[in-house]
Engineer: 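Here's a structure for you.
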Amino acid sequence: AYEAAVAARNKDDLRSPICCILGHVDTGKTKLLDKIRQTNVQEGEAGGITQQIGATYFPVDAIKQKTQVVNTAGTQEYKIPGLLIIDTPGHESFTNLRSRGSSLCNIAILVVDIMHYLEPQTLESLRLLRDRKTPFIVALNKIDRIYGWEATPDNGFQDSLAKQKPAVQREFADRVQKTILAFAEQGLNSVLYYENKNFARNVSLVPTSAITGEGVPDMIMLLVNLTQQRMSESLMYLSTLECTVLEVKVIEGLGTTIDVVLSNGILHEGDKIVVCGLNGPIITQVRALLTPQPLRELRIKSQYVHHKEVKAALGVKIAAPDLEKAIAGSRLLVCGPDDDEEELAEEVMSDLTSLMESIDKSGRGVCVQASTLGSLEALLDFLKVSKIPVSGIDIGPVHKKNIRRAATMLEKAKELACILCFDVPVDKEAEKLAEEEGIKLFKADIIYHLFDAFTAYNAEITEAKRKDAAPQAVWPCRLKTIAVFAKRDPIILGVDILDGTLRVGTPLCVVKVDPVTQKKEIIDLGKITSLEINHKSMELVKKSQAGGGVAVKIESAVYQSTKMFGRHFDDKDEIVSHITRQSIDVLKSSFKEDVSMEEWHLIKALKPVRAL
Ligand code: GDP
């Protein structure tokens, strides 16, 4: 039936594009949405804007009305039947509206605060948009905050700008220039939308104010133009069903329901549907397809309008049995009479099982938990790029069992015994258990922040480990005595570094070989307690720094065994670091990155010392 419909290219089968709003917190995403949704009361119903589940639908009549001020010549073409704008701003809905790595969101608005330029979540949004190859425009919001801005409510932007004083126009131009530069640093060409000659190459900047409404008509017009240019013909018409679960919600009288976005195709009451569940596939039957009651019908008792069938694109609530374990972000498939139920079940579950592949085979790694499939996927992608291993994943709130799982890492790798909680609550008992067990919980709703917090923690742990291990670490060196300042208690010598580096704390020795028996004897001199070059005290001296000689103070902790220059050793003896098997292990485990190839060679050469 769908194929036939597509073939007929019936105007009724035109599909509306789906639009998401992304951007940093407080840039004005919510306010912009409110502004777009606002209907002009004086003109009555604004061409049938309808509130749906998780989305607002703008039929083309409403779009025409809202773009009137920037279409004074009346030459604008409107080919799309309408526009579906997702109501939840931010990453979550965007990351969830996906199908096999591509996006079901046809166009996006990236909101940037013109007073703040690019912020961390702007960059994160940018990355997501590029990964999913989603066309987008940039709303350069809060133009009314430019000092001296005089507002003309709901005006087209260019007209409003022309009315500003020269100083205001200059500041605006300056801020736009800075924004363009910041985007260029991210490898992105951007240009004011009315100067954009090539939509495919340059991202359009549309200045807006969510408060005065200026630039909002321009923004909507731009969405229309961009979708019409960039959406392929096939996407303009209804075809195969594409549907995503955005939220799982318990509703009084309906039980657990799922809020879905139907991005393509048609859904019917009674359809057999298949979704991904936490404990396996869920196969159930649509009991009701629901959208909210229009505002003016509020006196009607029921909160929802029932539909026999719904067509893409729209947001709809599905009531059906057995949805308790459904996962937000899951795809929804319809099982037709000729379809193999098992196959479809496997397909929807593959969204979760494919994420399982991110789990490190070594069994070492952090645990990761997110609110939805989409946000989990985004986080896992990020961790992969950042080379942070993952040992376990889950979706939904953090419970005690999640803490217990993370605790298994305490013995294997303490620094990985933690949970990165992305946009999920942690229940009280779990929090308590985590504290008792020493499981670190990182909570954030920005991937960057999670990553930064974890990286900082990791560095802290590594540093602490190094501090602990430092006294046991022995760095290799070979020295030649060139002057004697004190023969014993403590020994103070002027030395040349033949090889390696000198550090305070390194134990030094001399190796004597008996000329008759060839037996080796180690004479421990003590540890380096201070280093000086030209009376300047140093913690560490490299060979290259030691040209004129280094004064080395050597002290033995064990008084009775103090050695004396001239009696136990002299300037013919080479002084070397006292390396042991244990000291090598410490270097390997805590300082691996700091030991150079040459140093490893030297350690190897000095190793016979250890054998004794
Ligand atoms: P969100 O976090 O991106 O959804 O941001 P909001 O829509 O909640 O807006 C954050 C704050 O900025 C609120 O106090 C808004 O009133 C304010 N705001 C949003 N848009 C504008 C704008 O265009 N001009 C001005 N002056 N304030 C704005």
Side-chain angles (χ1 to χ4, degrees), residues 19-38 51 54-56 66 69-70 85-97 105 107-129 134 136-161 163-165 168-169 171-176 178-179 182 192-193 204-223 246-247 371 375 378 422-423 444-449:
C19 172
C20 285
I21 299 197
L22 289 85
H24 195 78
V25 64
D26 278 349
T27 49
K29 300 181 291 296
T30 312
K31 259 274 170 326
L32 265 176
L33 273 170
D34 288 348
K35 196 74 200 176
I36 307 171
R37 273 193 299 247
Q38 207 172 66
Q51 185 61 41
T56 307
K66 283 188 167 285
V69 281
V70 287
I85 300 190
I86 303 294
D87 279 347
T88 331
H91 292 158
E92 195 171 324
S93 48
F94 178 78
T95 52
N96 278 336
L97 279 173
C105 156
I107 189 159
I109 304 170
L110 176 61
V111 187
V112 170
D113 183 336
I114 196 170
M115 308 307 279
H116 293 158
Y117 310 112
L118 307 197
E119 299 174 87
Q121 273 171 300
T122 321
L123 303 181
E124 195 162 311
S125 307
L126 204 55
R127 201 169 47 79
L128 291 170
L129 291 166
T134 310
F136 64 98
I137 61 172
V138 172
L140 216 43
N141 195 36
K142 305 200 186 180
I143 49 168
D144 62 291
R145 287 193 54 203
I146 293 175
Y147 185 75
W149 185 270
E150 283 179 31
T152 313
D154 302 314
N155 201 10
F157 172 73
Q158 292 183 77
D159 186 58
S160 263
L161 182 67
K163 290 189 173 131
Q164 305 301 321
K165 293 195 187 78
V168 176
Q169 293 184 356
E171 189 184 340
F172 169 76
D174 179 53
R175 290 189 174 276
V176 169
K178 290 208 171 93
T179 310
L192 275 172
Y193 84 91
S204 293
L205 306 176
V206 51
T208 57
S209 166
I211 301 285
T212 69
E214 287 162 296
V216 173
D218 310 56
M219 184 175 85
I220 296 171
M221 186 74 101
L222 202 56
L223 289 176
L246 280 195
E247 265 193 87
S371 51
S375 55
F422 184 32
D423 197 25
D445 39 25
I446 303 180
I447 293 182
Y448 268 101
H449 290 177

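Small disclaimer: the values here were computed from a predicted structure and weren't measured. Just so you know, ligand 1 is whichever comes first in the structure, and atom 1 is the first atom listed for that ligand.
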Engineer: Just wondering, are more than 12 heavy atoms of other shown residues or ligands nearer than 6.0 Å to NZ in Lys165?
Structural biologist: no
Engineer: Could you measure the distance from the OG1 atom of Thr56 to the CD1 atom of Ile85? Nearest 0.5 Å is fine.
Structural biologist: 7.0 Å
Engineer: Aromatic ring centroids of Phe136 and Phe94 under 6.0 Å?
Structural biologist: no
Engineer: Among protein heavy atoms, which lies nearest atom 4 (O) of ligand 1, and at what distance?
Structural biologist: Thr30 OG1, 2.5 Å
Engineer: What protein heavy atom is closest to atom 11 (C) of ligand 1, reported as residue, atom name and distance in Å?
Structural biologist: Lys142 NZ, 4.1 Å
Engineer: Pull out every atom of ligand 1 sitting under 4.0 Å from any heavy atom of His24, numbered as shown with elements.
Structural biologist: 3 (O)
Engineer: Can you report which non-hydrogen protein atom sits closest to atom 7 (O) of ligand 1, along with the distance?
Structural biologist: Lys31 N, 2.8 Å
Engineer: Would you mind checking which non-hydrogen protein atom is closest to atom 20 (N) of ligand 1, with the distance to 0.1 Å?
Structural biologist: Asn141 ND2, 3.2 Å
Engineer: Quick check on contacts: which atoms of ligand 1 are under 4.0 angstrom from a heavy atom of Ala210?
Structural biologist: 20 (N), 22 (C), 23 (O)
Engineer: Protein non-hydrogen atoms only, distance under 4.0 Å: does atom 14 (O) of ligand 1 have such a neighbour?
Structural biologist: no
Engineer: Students should be able to answer this: which protein heavy-atom is nearest to atom 24 (N) of ligand 1, and at what distance?
Structural biologist: Asp144 OD1, 2.7 Å
Engineer: Hey, are the side chains of Ile86 and Cys105 touching, using non-hydrogen atoms and a 4.5 Å cut-off?
Structural biologist: no
Engineer: Distance under 4.0 Å to a non-hydrogen atom of Ser209: what atoms of ligand 1 satisfy this?
Structural biologist: 23 (O)
Engineer: Among protein heavy atoms, which sits nearest to atom 19 (C) of ligand 1, and what does the distance come to when rounded to 0.1 Å?
Structural biologist: Gly28 CA, 3.5 Å
Engineer: Hey, is ligand 1 close enough to Thr208 that some N/O pair sits below 3.5 Å?
Structural biologist: no
Engineer: Do the side chains of Arg37 and Asp34 get close enough for a salt bridge, i.e. N-O under 4.0 angstrom?
Structural biologist: yes
Engineer: How does Lys29 reach ligand 1, if at all, at less than 4.0 Å between non-hydrogen atoms: by side chain, backbone, both, or neither?
Structural biologist: both
Engineer: Are the charged groups of Lys35 and Asp154 less than 4.0 angstrom apart, N to O?
Structural biologist: yes
Engineer: Polar-atom distance check: Asp26 versus ligand 1, any N or O pair below 3.5 Å?
Structural biologist: yes
